[in-house]
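Everything quoted here is computed from the prediction, not taken from an experiment.
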Amino acid sequence: RILIYILLTGLVVMIIVGGLAIRGWREKIETNRQLEEYNHKIIEQRNEISEMAQKAEAATQEKIWFFTNISHEFRTPLSLILLPIEELLATSKELKSDAKEGLTSIKRNAIRLLRLVNQLMDFRKIESKKMKIQASEMDIVKFIREAMVSFEKMAVRKKIDFRLETDLDELRVWFDADKMDKVVFNLLSNAFKFTKEGGKILVNVTVSEKGDEAVIFFYDFGVGMTAQDVAHAFE
């Protein structure tokens, strides 16, 4: 009788253990099935993202090609504008000073436009990280003065006190003229955009205390920037 009890107890334990094992096995199968479905969804999503990325890259390349091609088309009319202006400046000795100054301003801004067009065409170099600094030693004071000339008529029209403040007659430093011109023009454009009539815009050129750097400040007394704008200024 004891033996029968022992056998029955063992049989019950075996049935329970077997049931638990079967249950665990089924749960494992279900878990694996869910994992396979999850992995399948992940793979599908990854493929969709990859496909979207390829489409976005293709669209970006088309845009770049568009800007490159249209920029190339801009160069011809700009060159045709510059040619007669240069001929007029070279041959017309009887031009009044105002007319000559106006033609010089047109020439200067046409060259600036041509430079901007070239920058658009250089966009591919930026994308492929092949854009390099083309620095040379130049007089930064003279460079700033010449950049400011383009805004003098606007300053007169808006009655803005527009001045270069510096004790330096000359300061030769190394910089990329093309990129520095873009920076200066951008800062001055924004200064004039947000400075009301009768305001003040100052440009200050100094040398650092150690004497190893040129320090250029652009001051405008316009509407100013909010704290939120300042936090994102360099983005």
Side-chain angles (χ1 to χ4, degrees), residues 1-78 112-136 174-191 193-194 213 216 218 222-235:
R1 191 179 296 172
I2 293 171
L3 182 59
I4 289 171
Y5 287 153
I6 291 171
L7 289 172
L8 288 172
T9 303
L11 183 61
V12 170
V13 171
M14 288 176 64
I15 291 171
I16 292 171
V17 171
L20 292 173
I22 292 171
R23 181 182 176 183
W25 176 68
R26 287 179 176 176
E27 287 179 352
K28 184 178 179 181
I29 290 175
E30 179 64 21
T31 301
N32 289 337
R33 185 185 65 78
Q34 291 177 356
L35 284 173
E36 285 179 4
E37 289 181 358
Y38 185 69
N39 289 335
H40 183 68
K41 288 180 180 178
I42 290 175
I43 291 171
E44 285 183 347
Q45 290 176 353
R46 184 187 64 189
N47 292 337
E48 287 176 3
I49 292 170
S50 177
E51 187 178 349
M52 289 170 64
Q54 290 175 2
K55 288 180 179 179
E57 176 64 21
T60 300
Q61 291 300 321
E62 287 177 3
K63 290 176 184 177
I64 293 172
W65 275 113
F66 171 76
F67 282 118
T68 303
N69 290 335
I70 201 169
S71 299
H72 183 73
E73 295 299 322
F74 282 149
R75 293 179 69 181
T76 301
L78 282 171
R112 188 182 301 278
L113 275 173
L114 193 58
R115 193 179 298 155
L116 289 171
V117 167
N118 290 332
Q119 287 174 358
L120 279 173
M121 295 185 71
D122 285 337
F123 189 73
R124 280 195 169 276
K125 294 180 181 179
I126 297 171
E127 286 284 295
S128 58
K129 297 182 179 180
K130 292 182 179 180
M131 179 67 74
K132 296 180 179 179
I133 296 292
Q134 303 291 332
S136 58
W174 286 81
F175 62 93
D176 186 320
D178 180 59
K179 292 171 181 61
M180 183 65 77
D181 178 78
K182 188 175 181 181
V183 171
V184 173
F185 196 86
N186 180 270
L187 289 170
L188 290 178
S189 295
N190 280 294
K193 180 179 178 181
F194 295 105
E213 291 178 336
I216 307 168
F218 292 81
V223 295
M225 298 171 68
T226 63
Q228 186 177 1
D229 289 335
V230 171
H232 299 283
F234 290 97
E235 292 178 7

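Note that CG of L11 is 10.0 Å distant from CD1 of I16, once rounded to the nearest 0.5 Å. Taking CD from Q45 and CG from N47, the interatomic distance works out to 10.0 Å, rounded to the nearest 0.5 Å. To the nearest 0.5 angstrom, W174 atom CH2 is 13.5 Å from I133 atom CD1. Here the NZ-CG distance, from K28 to L35, works out to 11.5 Å after rounding to the nearest 0.5 Å. Y38 contributes atom OH, which lies 12.0 Å from atom CD1 of I43 (distance to the nearest 0.5 angstrom).
Looking at D181, its side chain never comes within 3.5 Å of a backbone N or O of A177 through a donor-acceptor pair.
Applying the salt bridge (Lys or Arg N to Asp or Glu O under 4.0 Å) rule to pairs touching residues 45-54 yields E51-K55, sequence neighbours excluded. Within the structure, salt bridge (Lys or Arg N to Asp or Glu O under 4.0 Å) contacts touching residues 10-25 (residues at least two apart or in different chains) are R23-E27.
A salt bridge links R33 with E30: the closest approach of a Lys/Arg side-chain nitrogen to an acidic carboxylate oxygen falls below 4.0 angstrom.
Here the closest non-hydrogen pair linking D176 and Q134 is OD2-N, 2.8 Å.
Side-chain contact of Q228 with H232: a donor-acceptor pair under 3.5 Å is absent, judged by distance alone.
L3 is linked by a side chain to side chain contact (heavy atoms under 4.5 Å, CB included) to L7, counting only residues two or more places apart in sequence or in another chain.
More than 12 heavy atoms of other residues, nucleotides or ligands shown are found within 6.0 angstrom of CD1 on I42.
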Give the intermediate values and the outcome of side-chain hydrogen bond (donor to acceptor under 3.5 Å, both in side chains) for residues E44 and H40.
CA-CA 6 Å; E44 285 183 347; H40 183 68; 2.9 Å; yes
